Amino acid sequence: MTEQATFTSDDTWRVFRIMSEFVEGFETMSRIGPAVSVFGSSRARKAAPAYAKARKLSRILAERGFAIVTGGGPGIMEAANRGAADAGGTSVGLNITLPHEQKANPYADVQIDFHYFFARLVMFVKYSCAFVCFPGGFGTLHEFFNSMTLIQTGKAEMFPVVLIGRNYWSGMIDWLKKAMLKSGDRKIDPQDLELFFVTDSLKEATSIIEEACVLEQCRRTGEREFVVPRRSGEGTLIGRPPHRPPRRKRSSK
């Protein structure tokens, strides 16, 4: 067994590798300023409409002072990093080591390599004031549903999650409404479907992100009165008691 294999096979020593990823991530990401994370398919070609839209939206956001953060790979990630670079903005790639090596795109001027998905997930959530999801596969859905879980449970503050492409996302949303909300014992509440936005308009997406991030800036600087929840050590919110639906009044019959 090689030295590397021995190291990663021992759970006790693996803790130090995990710790090093968090330390490097925290030190680097804490300096990038307000950021928007952009997700989408790594398979999107340069000629694809989604590639052009991701590049354009990222350029617009970078021109407005937002850093653009992606998974650092090809496809939509490359388009987003490229758009930020077009505007001379901060372009961040959080690369992940995969069995089939993912090639980092050349447009991220800040790059961090991760071995663990969960460490990378923390960086996306902790240092972004908004998520944008273009059409994508399991990885994009992972980021989307992770954000929904954190917001729904109060482990993260409410932040905008924008899905770009009504045609692509409509099937999933119909399933959420029919299978999770309306069939039998519902699995989510109606207001949970309001935790994200769906649009085809880059102008609308930009407005949603800007408005939410301005409010977040005001909350953090104390320019307006906001209730600031206490944070846990890892940067998420201290757990809140679960939401309980109001008791139904018993019928007098």
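Here the structure is a predicted model, which means the values were calculated and not measured.
A heavy-atom distance below 4.5 Å is found between the side chains of L94 and M29. Annotation: side chain of V161 is in contact with side chain of I151 (closest heavy-atom distance under 4.5 Å). M148 has its side chain out of reach of D192: every pair of non-hydrogen atoms, C-beta onward, lies at least 4.5 Å apart.
In this structure, D200 has no side chain to side chain donor-acceptor pair (under 3.5 Å) partners at least two apart in sequence or on a different chain. Applying the salt bridge (Lys or Arg N to Asp or Glu O under 4.0 Å) criterion to K46, with sequence neighbours excluded, gives E78. Taking F118 as the reference, Y116 meet the ring-ring contact (aromatic ring centres under 6.0 Å, His included) condition, with sequence neighbours excluded. Legend: residues meeting ring-ring contact (aromatic ring centres under 6.0 Å, His included) with F114, ordered by chain and number and at least two apart, are absent. In this structure, the side chain to side chain donor-acceptor pair (under 3.5 Å) partners of R82, at least two apart in sequence or on a different chain, are Y51. The side chain to side chain donor-acceptor pair (under 3.5 Å) search around T199 returns E204, not counting sequence neighbours. A108 pairs by the side-chain contact (heavy atoms from CB on, under 4.5 Å) definition with N81, S91, N105, Q111, not counting sequence neighbours. Judged as a side chain to side chain donor-acceptor pair (under 3.5 Å), and not counting sequence neighbours, E21 has no contacts.
Cluster membership for L181 and L176, using ILVMFWY side-chain heavy atoms within less than 4.5 angstrom, is shared. I60 and F134 fall into different hydrophobic clusters, where Ile, Leu, Val, Met, Phe, Trp and Tyr residues are linked whenever their side-chain heavy atoms come under 4.5 Å apart, directly or through other members.
Listed for the K126 side chain is no donor-acceptor partner under 3.5 Å among the backbone atoms of F124. Side-chain N or O atoms of R45 include none that pairs as donor or acceptor with a backbone N or O of G75 at under 3.5 Å. S58 places no side-chain N or O within 3.5 Å of a backbone atom of R55 that could act as its donor or acceptor partner.
For residues 31-44, no pair satisfies salt bridge (charged side-chain N to carboxylate O under 4.0 Å, His left out), with sequence neighbours left out. Among pairs with a residue in residues 145-178, those fulfilling ring-ring contact (aromatic ring centres under 6.0 Å, His included) read F131-F159, at least two apart in sequence or across chains. The ring-ring contact (aromatic ring centres under 6.0 Å, His included) analysis of residues 190-214, with sequence neighbours excluded, yields the pairs F144-F196. Within the structure, salt bridge (charged side-chain N to carboxylate O under 4.0 Å, His left out) pairs that include any residue of residues 141-151 do not occur (at least two apart or interchain).
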**Message:** Run V132 and L163 through side chain to side chain contact (heavy atoms under 4.5 Å, CB included) and show every step you take.
**Reply:** CA-CA 6 Å; V132 177; L163 307 181; over 6 Å; no

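For the pair S42 and M77, the tightest heavy-atom approach, listed with the atom from each and the gap, is CB-CE, 3.7 Å.
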